[in-house]
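Since the structure is predicted, the reported quantities are computational estimates derived from the model, not experimental observations. Residue numbering restarts at 1 for every chain, and letters A, B, ... go by the order of the sequence lines.
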Amino acid sequence: MRIAVVADGEGGGWLQELGTARPERVPDLAEAVRDRENAAGPPPRWVWDAWEDLYPDLVRAGVRVRRSHDTALTEALLLGHDGRHEEPHSLGAVWARLHGRPVPDDPVRRTGEGAHAQPALFGADRSTLPPGTDRLAALAEVHDDQVRRLEALTDSGGLRLLAAVESAGGLAAAEMSHDGLPLRPDIHDRLLTELLGPRPVAGQRPAVLADLAARIGDALDQELNPDSPSQVMRALARAGHPVPSTRSWVLREVEHPAAPLLLRYKELARLHSANGWAWREQWVSERPGPGGVRLGRFHPDYVVAGVVSGRWATRGGGGLQVPKALRGAVRADPGWALVRADAGQLEPRVLAAVSGDLALAEAAAEEDLYARLAVHVGGDRDRAKIGMLAAMYGQTTGDAAPLLATMRRLYPRALDHVDTAARAGEEGRAVRSWLGRTSPRPHGWDTLPSGTEGDRTRRAQGRFTRNFVVQATAAEWASVLLAALRVRLARLEPALPEGAGVVFFVHDEVVLHVPADRAEEAVRAVAEAERETRELLFPGSPVRFPLVTTVSDEHSQI
DNA sequence: GATACGGGCCAC
DNA sequence: AAACGTGGCCCGTATC
């Protein structure tokens, strides 16, 4: 059963069971969705324009659903598959194309508009439909059109699966953003104070940074702002140490007393500006916990498939770059546990699976793929890893060249897979992931200049498509895993308490926060989700995707 | 005062 | 040792 749903902006909305029933007006949308979700029988698939506009409000109202069809995410996949990445994909745009009307631009979403935003009672209409249009009818029409287009594809199975798991990703994103990653404010504070000194008044440099800046000035015989690359370069040049840039690896080679001070300053300044006290105030919610502890939750705004490869992005808060120095502050609540599952060496394993390279698959059947590669290559593990990464990223300089030759001989099908993708990119053609996500063609390709400049662009596009076939498929593996894990966690008996489940996701890693006595079940659910993912994506392949799963009260304990 | 852009560094 | 893919974000600087 599929139920189309639109909100009225006042807490109510309209529902329609597609194909059979008539539209129905409901005064309380959350209650209506909850009732139908909890009804006997298989769960409905909720059809809506964009998860960001509806589901965060449902989650805030305590409602969770199991399945959805997100027309905006699906449309982006369909358009991309057709080589039309740049065309708008919101509901109004699809409807306009169906009716030969002018196509509206997609709405611009700003920081703080997603799950992190204040309750909005199923906010204003973001569909971009013309005023007065029957939104429910338009949604049903667009849904039917998308189903038809998906079925018409020759490789429809892949893209249908991708649309389904990506829609589920929207559900997971809203739920994770709502629940948040547990982060203890007091520990975060302690880490910052140890490194930077006590919290300064707004706009001031913390004591440690101010001291470093002064010592840098002394060492270079002039006052300067260490945050200004041009000032630093000028001062170093005057001191007899000209540098081409102030990048850390450049500074590391400079033999001047100011260099180590500058490096330390840059490291700490970044921590302060990117993840300091101001960051915590904006992105980490706080509430009292048992025994007087303050409990915090980091709430990033996820952007599902926000990256061309289908990886997720985040909007604000730097959600995908929680620095290692800070992970000690990520702690389970008292009596709860963090379950962290990390897919190690995901991309080379994906390459082994999609290329069907038997030798690489044999290595990918091992727990440590790179160690086995080293045996094949006859060198050490680090060199084997460099060679593999060079093949997937398109590196040609430095150490990589001789290693690549070895790789090409040992893993011909794997290398042919990425080389073929690279050639497509260099020739301006698109490539597809395992499930059918399609690479965009670069802007202005047809007017590319001949000669060096054009060649550089062509080679860069080759590296992009070379990497796309691997990275985009790895992102699909992660999406399927997340969707499968969500389903399994929802099926646990007795149900997990409010706020328990997946609380963080970044590319190839998930973090779950569960009551300590449910951690074993959570670990089992992760393992089962991995098996299901592998069987769904690569049935019969010997490639393994080992998930390193750790249970602790702390994120940094690995 | 707002905006655009590049440098630099964080993550996977 | 430092060009090799995808990003986000802060800062300084230039510009309107």
Report yes if at least one side-chain N or O of [X] is closer than 4.0 Å to OP1 or OP2 of [N]; otherwise report no.
X	N	result
Asn225(A)	dG12(C)	yes
Thr314(A)	dG7(C)	no
Lys324(A)	dC12(B)	yes
Ser245(A)	dG7(B)	no

Which nucleotide in the list [options] gets nearest to the side chain of [X]?
X	options	value
Arg463(A)	dG8(B), dC4(C), dA11(B)	dC4(C)
Lys266(A)	dC12(B), dG7(B), dC9(B)	dC9(B)
Gln471(A)	dC11(C), dT6(C), dT13(C)	dT6(C)
Val308(A)	dG5(C), dG7(C), dG12(C)	dG7(C)
Ser228(A)	dC10(C), dG7(C), dG12(C)	dG12(C)
Arg311(A)	dG5(C), dG8(C), dA2(C)	dG5(C)
Ser273(A)	dC11(C), dA2(C), dT13(C)	dC11(C)
Arg327(A)	dC12(B), dG8(C), dC10(C)	dC12(B)

Given side-chain contact (heavy atoms from CB on, under 4.5 Å), test Val322(A) with Phe298(A) step by step and report yes or no.
CA-CA 10 Å; Val322(A) 179; Phe298(A) 172 43; 3.9 Å; yes

For the pair made of [atom1] in [X] and [atom2] in [N], what is the distance, rounded to whole Å?
X	N	atom1	atom2	value
Arg466(A)	dG5(C)	CZ	P	11 Å
Asn275(A)	dA11(B)	CG	P	9 Å
Asp419(A)	dC4(C)	CG	P	15 Å
Gln321(A)	dA11(B)	CD	C1'	5 Å
Arg270(A)	dC9(B)	CZ	C1'	5 Å
Leu482(A)	dC12(B)	CG	P	17 Å
Arg264(A)	dC9(B)	CZ	P	15 Å
Leu271(A)	dG8(C)	CG	P	21 Å

Relative to the 5' end of DNA chain C, which residue comes earlier, Arg234(A) or Ala313(A), by the nucleotide with the nearest heavy atom?
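Its nearest nucleotide lies further toward 5', so the answer is Ala313(A).
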
Take Gln395(A) and Gly318(A), find for each the nucleotide of DNA chain C with the closest heavy atom, and name the residue whose nucleotide sits nearer the 5' end.
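Mapping each residue to its closest nucleotide by heavy atoms, the 5'-most match is Gln395(A).
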
Checking Asp106(A) against Ser90(A): is there a side-chain donor and acceptor pair closer than 3.5 Å?
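There is such a pair (donor and acceptor under 3.5 Å, judged by atom type) between the side chains of Ser90(A) and Asp106(A).
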
Without hydrogens or angle criteria, can the side chains of Gln461(A) and Arg441(A) be said to hold a donor-acceptor pair below 3.5 Å?
no

Please determine whether a side-chain nitrogen of the Lys or Arg among Asp382(A) and Lys385(A) lies less than 4.0 Å from a carboxylate oxygen of the Asp or Glu.
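A salt bridge is absent here (no side-chain N lies under 4.0 Å from a carboxylate O).
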
Going by an N to O cut-off under 4.0 Å, is there a salt bridge joining Arg423(A) and Glu427(A)?
no

Base, sugar-phosphate, or nothing for Val470(A), non-hydrogen atoms under 4.0 angstrom?
nothing

Base, sugar-phosphate, or nothing: which does Ser309(A) touch, judged by heavy atoms less than 4.0 Å apart?
nothing

Between Phe538(A) and Trp477(A) (judged by ring centroids, cut-off 6.0 Å), do the two rings come close enough to count as a pair?
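Centroid separation for Phe538(A) and Trp477(A): 6.0 Å or greater.
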
